[in-house]
Colleague: 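Handing you this structure, nothing more for now.
Just so we're clear, the structure is a prediction, and the values are computed from it rather than from any experiment.
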Amino acid sequence: MVREFKLPDVGEGVAEGELVSWLVEEGDAVSEDQPVAEVETDKAIVEVPSPVNGTVRELRAEEGDVVPVGDVLITFDVEGEESEETTTESAESEETTESQEEVAEEPAVSEEGEAQRASESEETETTEGRVFAAPSARRLARELGVDIAAVEGTGPSGRVTEQDVRNAAEGGESGSTEPETVEAPAEPEAGDTGGVDAESGAPSGAGASTPAQPESADRERTLAAPATRRIAEEQGVNLNAVPATEERDGEAFVTPEAVMEYAEAQQQAQQADAAAVATGETGPQEERVPYRGIRKTIGQQMEHSKYTAPHVTHHDTIDVTELVDTRAELKEVAEERGIHLTYMPFVMKAIVAALKDFPYLNSALDEENDEIVLKNYYNIGVAVGTDHGLMVPVVEGVDQKDMLQIASDMNELVQKARDRTISREEMQGGTFTITNFGAIGGEYATPIINHPEVAILGLGELKQRPTVVDGEVEARYTLPISLSIDHRIIDGAVAAEFANQVLEYLNNPNLLLLE
């Protein structure tokens with residue numbers, strides 16, 4: 001039995017996910033609940049488990065593809081089943097529905113029919129049995145005009161690889177030598193190079209060329225023999241941009257010579273660009289990175305916050321020499337208990353103590369009902385920079401935990417954020433956020449509030465600075481802070497009073513023992 005598995009809704013409100021990596025290959029045996037793929041949502045990376053015991057039949061997407069929720073992601077051959085019916089694993093429930101789509105069993109009769117059937121199944125029936133091939137190999141076979149049923153596979157279990165297809169094409173085993181039509185590329189989608197040639201790195205499309213670039217055509221359709229297409233692919237050339245040498249049936253026709261001439265002109269232009277860059281001139285090369293996933297979500301959140309809440313930022317600096325000494329004393333004790341103690345738990349404790357006296361900084365604005373929601377719980381978010389953008393794991397119930405428990409919970413969440421294994425739930429429900437830009441360097445900033453919260457505290461670099469003590473200049477440890485507030489809810493004077501109380505706790509950390 002063939003089981004289809006659709007991309008499930010891996011998070012509330014998620015409409016699509018980017019396939020980051022496959023954890024299995026076609027032909028692999030899998031067990032129920034075994035992770036088969038990693039998918040990135042707008043918040044984190046999640047593992048998608050297999051719903052059955054069976055064998056991977058077909059991978060329906062490639063790494064980097066954006067897959068809508070509900071689209072078939074992968075199919076399985078279910079162990080111990082002889083039926084030719086196909087079932088679909090629902091994205092919303094554990095129920096399955098059966099369809100009457102039968103597995104094709106007649107031999108391949110034409111290149112066109114073979115291409116169509118190859119696009120529908122990873123296993124292609126031929127007169128000599130099944131042909132196993134990855135989706136990328138099947139697509140390449142269609143592009144090169146190769147009959148995949150005639151290709152001898154060298155991969156695991158006889159699977160046909162992309163290299164097998166290329167070898168067959170170069171060896172003249174193609175199923176056709178007639179010119180085929182090359183359609184113009186569609187508008188760039190998520191995962192595309194977006195205007196940059198994938199192999200050469202040179203910009204393509206209108207407005208990207210310079211006088212050194214070869215003259216390009218701008219067609220929607222081009223006729224070319226399979227061998228010509230193969231040359232164009234190897235040279236990284238878009239056939240629709242190559243000036244046509246003749247016409248056939250009213251369509252532009254491109255020869256191998258024209259492709260090579262165009263490719264050489266491109267290479268010369270690129271070399272000229274590289275020389276210009278080496279001499280200090282600005283080259284035309286550029287790179288386009290898809291704006292999606294976590295990075296896009298962060299951008300939208302920051303934009304919404306910045307243009308919704310009028311920001312005011314209060315700056316100050318406090319002497320934290322005693323805090324440095326206290327942390328040094330407790331650090332060894334914490335390490336004996338297997339916990340790495342940083343300054344952050346002290347800051348979190350100080351903030352919560354101050355929030356109890358200034359509840360409006362621990363609130364949110366319900367704009368629909370024109371109400372300020374004062375929160376009597378204290379969930380503190382800690383902004384974490386990762387390779388894929390900013391994440392804000394939330395430590396819940398900070399007021400109910402001791403210093404070591406806060407440190408343990410925070411360290412675990414921060415590591416999960418950096419490993420991209422953190423769940424959406426672990427980044428929700430915050431009431432106040434801390435961002436530590438001082439860990440990288442710098443003293444002051446203007447942090448953007450983590451909407452719908454109304455305040456965020458930024459920490460500068462904690463280090464020794466010249467400080468006046470009793471009329472004498474001494475080297476003391478100081479900590480700059482930057483407190484951004486939603487001026488609709490919080491007045492500047494209240495923000496200053498709150499900051500003073502936080503700084504008092506950090507200046508004299510023994511006061512935290514009373515909290």
Side-chain angles (χ1 to χ4, degrees), residues 311-335 339-358 361-362 378 380-385 395 398-399 401-404 406-407 410-411 414 432-447 449 455-485 490-515:
H311 283 53
V312 172
T313 304
H314 173 83
H315 302 290
D316 207 339
T317 301
I318 187 64
D319 186 332
V320 291
T321 301
E322 289 189 24
L323 173 62
V324 173
D325 293 339
T326 301
R327 184 251 183 177
E329 293 176 4
L330 298 178
K331 183 179 180 182
E332 293 184 4
V333 178
E335 288 179 349
I339 298 173
H340 178 58
L341 181 63
T342 66
Y343 294 104
M344 187 61 73
F346 293 92
V347 176
M348 295 170 73
K349 268 291 195 184
I351 287 174
V352 169
L355 287 175
K356 291 181 179 180
D357 290 334
F358 296 90
L361 278 91
N362 197 56
Y378 303 91
I380 307 301
V382 181
V384 179
V395 180
V398 173
D399 59 316
K401 298 175 179 178
D402 60 37
M403 197 76 70
L404 293 185
I406 294 172
M410 184 197 68
N411 293 342
V414 168
F432 190 99
T433 296
I434 305 171
T435 177
N436 184 18
F437 50 81
I440 301 174
E443 296 187 356
Y444 301 102
T446 305
I449 299 167
I456 181 172
L457 182 69
L459 305 179
E461 183 179 9
L462 191 161
K463 69 177 183 179
Q464 284 188 320
R465 295 178 176 88
T467 306
V468 176
V469 180
D470 296 331
E472 300 291 335
V473 177
E474 297 182 10
R476 305 281 290 182
Y477 285 99
T478 62
L479 176 67
I481 67 164
S482 300
L483 175 68
S484 290
I485 58 169
I490 304 166
D491 294 331
V494 175
E497 292 173 355
F498 171 81
N500 288 340
Q501 188 154 333
V502 170
L503 297 179
E504 181 179 357
Y505 281 114
L506 295 179
N507 177 256
N508 186 4
N510 289 331
L511 293 175
L512 295 175
L513 298 176
L514 303 177
E515 297 298 327

Colleague: Testing the basics here: between Ile449 and Ile485, what is the closest heavy-atom pair and its distance to 0.1 Å?
Modeller: CD1-C, 3.3 Å
Colleague: To the closest 0.5 Å, what do you measure between CG (Leu459) and CE (Met344)?
Modeller: 5.5 Å
Colleague: Between CG of Asn436 and OG1 of Thr342, what distance do you get to the nearest 0.5 Å?
Modeller: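 Those atoms lie 8.5 Å apart.
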Colleague: For Glu443 and His315, what are the C-alpha separation, side-chain angles and deciding distance, and is it a side-chain contact (heavy atoms from CB on, under 4.5 Å)?
Modeller: CA-CA 10 Å; Glu443 296 187 356; His315 302 290; over 6 Å; no
Colleague: Check whether any side-chain heavy atom of Ile434 lies under 4.5 Å from a side-chain heavy atom of Val347, and answer yes or no.
Modeller: yes
Colleague: Is any side-chain heavy atom of Val494 less than 4.5 Å from a side-chain heavy atom of Leu361?
Modeller: yes
Colleague: Any side-chain heavy atom of Val352 sitting closer than 4.5 Å to one from Ile380?
Modeller: yes
Colleague: Mark yes or no for whether Thr435, through its side chain, and Ala383, through its backbone, hold a donor-acceptor pair below 3.5 Å.
Modeller: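 Pair absent, no side-chain N/O of Thr435 close to backbone of Ala383.
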Colleague: Which atom names give the shortest non-hydrogen contact between Ser484 and Pro447, and what distance separates them?
Modeller: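 Scanning both residues completely, I find the closest heavy atoms to be OG-O, 2.7 Å.
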Colleague: Would you name the heavy atoms of Phe437 and Gly460 that are closest together and state the gap between them?
Modeller: CE1-CA, 3.6 Å
Colleague: Going through the distances and angles, do Leu355 and Phe432 end up as a side-chain contact (heavy atoms from CB on, under 4.5 Å)?
Modeller: CA-CA 9 Å; Leu355 287 175; Phe432 190 99; 4.0 Å; yes
Colleague: Do Leu479 and Leu323 have side-chain heavy atoms sitting under 4.5 Å apart?
Modeller: no
Colleague: As an exercise, state the distance from CE of Met348 to CE of Met410, rounded to the nearest 0.5 Å.
Modeller: 6.5 Å
Colleague: To the closest 0.5 Å, what do you measure between CD (Gln501) and CG (Leu506)?
Modeller: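 Rounded to the nearest 0.5 Å, the CD-CG separation comes to 11.0 Å.
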Colleague: How many angstroms lie between atom CD1 of Ile481 and atom CG of Leu483, to the nearest 0.5 angstrom?
Modeller: 6.5 Å
Colleague: Might you work through the side-chain contact (heavy atoms from CB on, under 4.5 Å) test for Asp316 and Asn500, ending with a clear yes or no?
Modeller: CA-CA 9 Å; Asp316 207 339; Asn500 288 340; 3.7 Å; yes
Colleague: Looking at every heavy atom in both Asp399 and Lys349, which two are closest together, and how far apart are they?
Modeller: O-NZ, 4.3 Å
Colleague: Quick check: do Thr313 and Tyr444 have side-chain heavy atoms less than 4.5 Å from each other?
Modeller: no
Colleague: Testing the basics here: between Leu503 and Thr317, what is the closest heavy-atom pair and its distance to 0.1 Å?
Modeller: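 So the two residues come closest at CD1-O, 4.4 Å.
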Colleague: Would you find more than 12 non-hydrogen atoms of other residues, nucleotides or ligands less than 6.0 Å from Phe358 atom CZ?
Modeller: yes
Colleague: Take Ile351 and Leu457 through the test side-chain contact (heavy atoms from CB on, under 4.5 Å) and record every step on the way to the result.
Modeller: CA-CA 9 Å; Ile351 287 174; Leu457 182 69; 3.6 Å; yes
Colleague: Kindly indicate whether the side chain of Leu462, heavy atoms from C-beta on, has any atom under 4.5 Å from the side chain of Thr478.
Modeller: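 No, their side chains stay 4.5 Å or more apart.
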Colleague: Hey, is the main chain of Arg476 close enough, under 3.5 Å, to the side chain of Lys463 for a donor-acceptor pair?
Modeller: no
Colleague: Search all heavy atoms of Asp319 against all heavy atoms of Tyr477 and return the closest pair with its distance.
Modeller: OD1-O, 3.3 Å
Colleague: Side chains of Leu341 and Met403, heavy atoms from C-beta outward: is any pair under 4.5 Å?
Modeller: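 Yes, close enough: below the 4.5 Å cut-off.
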Colleague: Whether Arg327 engages the ring of Phe346 as a cation-pi pair (distance to the six-membered ring centre under 6.0 angstrom, angle to the ring normal within 45°) should be assessed.
Modeller: no
Colleague: How many angstroms lie between CD in Glu322 and CG in Leu511, if you round to the nearest 0.5 Å?
Modeller: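 It is 9.5 Å, given to the nearest 0.5 Å.
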Colleague: So, Glu474 and Arg465, do they make that salt bridge, N to O below 4.0 Å?
Modeller: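 No, Glu474 and Arg465 are not salt-bridged.
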Colleague: Is there a donor-acceptor pair under 3.5 Å between the side chain of Ser482 and the backbone N or O of Ala445?
Modeller: yes
